[in-house]
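Throughout, protein chains are lettered first and strands after them, A, B, ... in sequence-line order, and every chain is numbered starting at 1.
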Amino acid sequence: MFAFQSPQPVQLPSPAPPPPPPFRKHLKCTAARGSCRPPLCSLTSNPTISTSAAADDKNRVIQRLCERGELKRALRVLSQETDPNQRTYELLILSCARQNSLSDGLSVHRHLLENGFDQDPFLATKLINMYSELDAIENAREVFDKTRQRTIYVWNALFRALALAGHGHEVIDLYRRMNWVGIPSDRFTYNYVLKACVVSECGLSLLKKGREIHAHILRHGYGGHVHIMTTLVDMYARFGCVKWAGIVFDEMPEKNVVSWSAMIACYAKNGMPFEALELFREMNLETNDLLPNSVTMVSVLQACAALAALEQGRLIHGYVLRRGLDSILPVISALVTMYARCGKLDRAQQVFDKMDERDVVSWNSLISGYGVHGFGEKAIQVFNEMIISGIPPSPISFVSVLGACSHAGLVEEGKMLFDSMVREHRIFPSVEHYACMVDLLGRANRLDEAAKIIEEMRIEPGPKVWGSLLGSCRIHRNVELAERASARLFELEPMNAGNYVLLADIYAEAQMWDEVRKVKKLLEARRLQKVPGRCWIEVKRKIYSFASVDELNPQIEQLHALLLNLSMEMKEDGYVPQTKIVHYDLDLEGKERILLGHSEKLAVAFGLINSAKGETIRITKNLRLCEDCHSVTKFISKYTKREILVRDVNRFHHFKDGVCSCRDYW
DNA sequence: ATAGGGTTAG
């Protein structure tokens with residue numbers, strides 16, 4: 001299929017009136033603080049007399065101190081002879097949570113038990129919430145277990161706590177018990193239980209459970225509830241069931257900004273950026289009263305980044321500015337990522353420099369930006385600057401910086417960073433980090449070391465790890481190790497066609513044709529299809545898409561002629577078509593024709609014809625760039641004096657004057 | 001009696 005023309009450039013809604021100056025909220029707070037608080041001394045100067053009036057006073061004192069954030073002083077008053085009431089305990093509990101003090105929380109809890117509030121379901125709810133916020137999930141569970149009168153609030157609080165802590169299965173078990181006991185769910189229960197489905201702790205999918213709960217929800221007449229339906233959309237989105245998310249979304253009788261944002265995020269996160277942009281356009285066309293918010297814009301920017309749609313991204317950036325959303329951290333980080341992934345690293349850096357406040361995510365955006373462009377040293381430098389600026393790295397920081405090392409071949413640096421994870425930062429490597437290390441060593445042709453890392457892993461190596469190893473085997477043509485890796489992969493993810501294709505490629509390059517046939521049979525038997533290679537190019541705000549051997553493209557003749565011409569010149573310059581990567585049973589000429597029809601070459605030719613001279617050609621590819629396309633593009637950049645920027649699944653290739661920024665290491 | 005919820009950055 002050719003050149004599927006993109007949906008119209010996304011229409012932006014008309015700009016909103018300028019946002020209120022950011023400091024207004026601030027002023028209001030200060031004013032309130034100044035005006036409505038009585039001076040402290042009048043509250044604390046009462047001597048302790050054990051009358052009920054004195055007890056009332058003490059309650060009021062503790063409550064005021066809690067509201068003012070003076071937990072320690074409140075506790076001191078509490079330790080005197082007091083007769084705290086429910087409200088006092090409530091404020092104390094909230095205050096402990098806010099101050100993030102587990103020890104104080106525990107002592108308030110003890111105090112409350114001693115004063116006969118141990119069966120108060122209202123306070124039990126508050127305690128569960130507190131323990132949840134303090135990451136003390138066992139304590140939350142204990143409160144629940146000891147409370148005999150479990151109102152729906154108590155159940156819901158525990159569901160929420162467990163879901164937040166990632167204990168999805170436990171929630172589902174308890175939910176079953178709640179139904180068994182005969183307590184009816186309310187709208188909050190459904191929300192928490194749906195959330196729990198996507199955070200199951202033992203790796204087993206709770207999708208089936210989620211669909212069951214979907215049915216409960218409809219049966220109990222909540223099918224029109226915006227919150228619940230939005231949570232359902234999100235649940236299906238997180239399971240990758242885009243179709244189901246779409247069905248729920250379409251059938252919602254009432255949608256608000258959050259519902260639209262959830263669906264846009266669903267597309268953006270599940271590899272359907274076109275649909276995300278299209279839905280954003282629809283949102284602005286269909287609804288006059290719904291303004292996209294910062295959350296919406298983050299997903300829209302992700303979609304632009306995924307498509308490397310720079311022009312589109314710039315439009316969105318303009319909209320973000322007009323709407324005054326440009327001071328919101330997640331939006332700026334998404335902008336940094338968008339510019340980096342659209343090949344505009346300098347713009348990404350500029351946006352980053354202009355931030356007056358940065359969090360770890362902003363830094364990570366920049367680090368991974370340098371990483372995908374192959375600037376390993378620079379990525380490490382930014383990583384170090386982050387630490388110097390006082391922001392400790394997150395696990396994602398390490399994924400970014402290790403990935404950067406891998407793209408740049410910085411093996412020793414990567415190993416040192418990996419070692420520093422636990423030693424200096426107390427971050428324990430996850431599967432993702434191990435996958436980075438395997439990639440780093442594997443690409444550098446240190447396959448034995450990569451295999452050793454896997455053997456010594458302290459957690460179960462997942463498909464990402466074995467996949468990295470298989471990828472490296474492909475680059476360095478190691479059949480034996482490839483067989484080991486793919487055997488594991490076929491077990492772990494039998495439906496991933498990519499693994500079979502990779503193994504078949506490895507066999508083919510080793511001329512092991514019987515094995516190639518076997519793998520292809522396996523692929524057919526499982527009714528899997530190779531993901532076709534595709535390329536995208538944005539010309540004048542429209543995105544054109546190319547598939548290999550694209551006979552329907554109206555310009556195909558022209559593109560072929562151009563490529564044929566170039567290839568003849570190239571051959572005189574020593575270019576040899578890599579016909580051995582074509583596994584069809586064809587003669588040499590046929591194989592060359594296939595190679596020339598690769599989507600990436602078509603996109604380059606299209607860019608040469610349809611863009612202005614001197615303009616950089618920007619192309620995105622959904623798979624790894626093939627070796628033949630890589631060498632051809634190098635050549636074209638020299639002969640046509642054009643800069644060509646190709647982003648493949650892993651990284652950027654910046655072709656200029658016959659050289660690629662990856663220095664042929666990718 | 002009171003109370004609590006959905007979408008977001010790498």
(message) Does the Lys NZ or Arg CZ of A:R160 fall within the cation-pi geometry relative to A:W155 - under 6.0 Å from the ring centre and within 45° of the axis?
(response) no
(message) Closest approach to the side chain of A:T151, judged atom by atom: which nucleotide of B:dG10, B:dT7, B:dA3 is it?
(response) B:dA3
(message) Are A:Y190 and A:H227 an aromatic pair, judged by ring center distance below 6.0 Å?
(response) no
(message) Whether A:K269 contacts B:dG10 is assessed here as follows: a side-chain N or O lying under 4.0 Å from the phosphate OP1 or OP2. Is that the case?
(response) no
(message) Does B:dG6 have its OP1 or OP2 closer than 4.0 Å to a side-chain nitrogen or oxygen of A:R160?
(response) no
(message) Tell me if the aromatic rings of A:F375 and A:H407 count as close, with their centers under 6.0 Å from one another.
(response) no
(request) Compare side-chain N and O positions of A:Q302 against OP1 and OP2 of B:dT8 and report whether any pair is under 4.0 Å apart. (result) no
(message) With the six-membered base ring of B:dG5 as reference, does the ring of A:Y192 sit under 5.5 Å away with planes under 30° apart?
(response) no
(request) Would you check if A:F122 stacks with the base of B:dT2, given a 5.5 Å centroid limit and a 30° plane limit, both strict? (result) yes
(message) On the nucleotide B:dG10, are OP1 or OP2 found under 4.0 Å from the side-chain N or O atoms that A:T337 carries?
(response) yes
(request) Verify whether one side chain among A:S132 and A:N129 offers a donor that lies under 3.5 Å from an acceptor in the other. (result) no
(request) Decide yes or no, distance alone: a donor-acceptor N/O pair under 3.5 angstrom between the base of B:dG10 and the side-chain of A:S394. (result) yes
(request) Check whether any side-chain N or O of A:Q86 sits under 4.0 Å from OP1 or OP2 of B:dA3, and answer yes or no. (result) no
(request) Determine the contact category for A:V226: base if any of its heavy atoms lies under 4.0 Å from a base atom, sugar-phosphate if only primed atoms, P, OP1 or OP2 are that close, otherwise nothing. (result) base
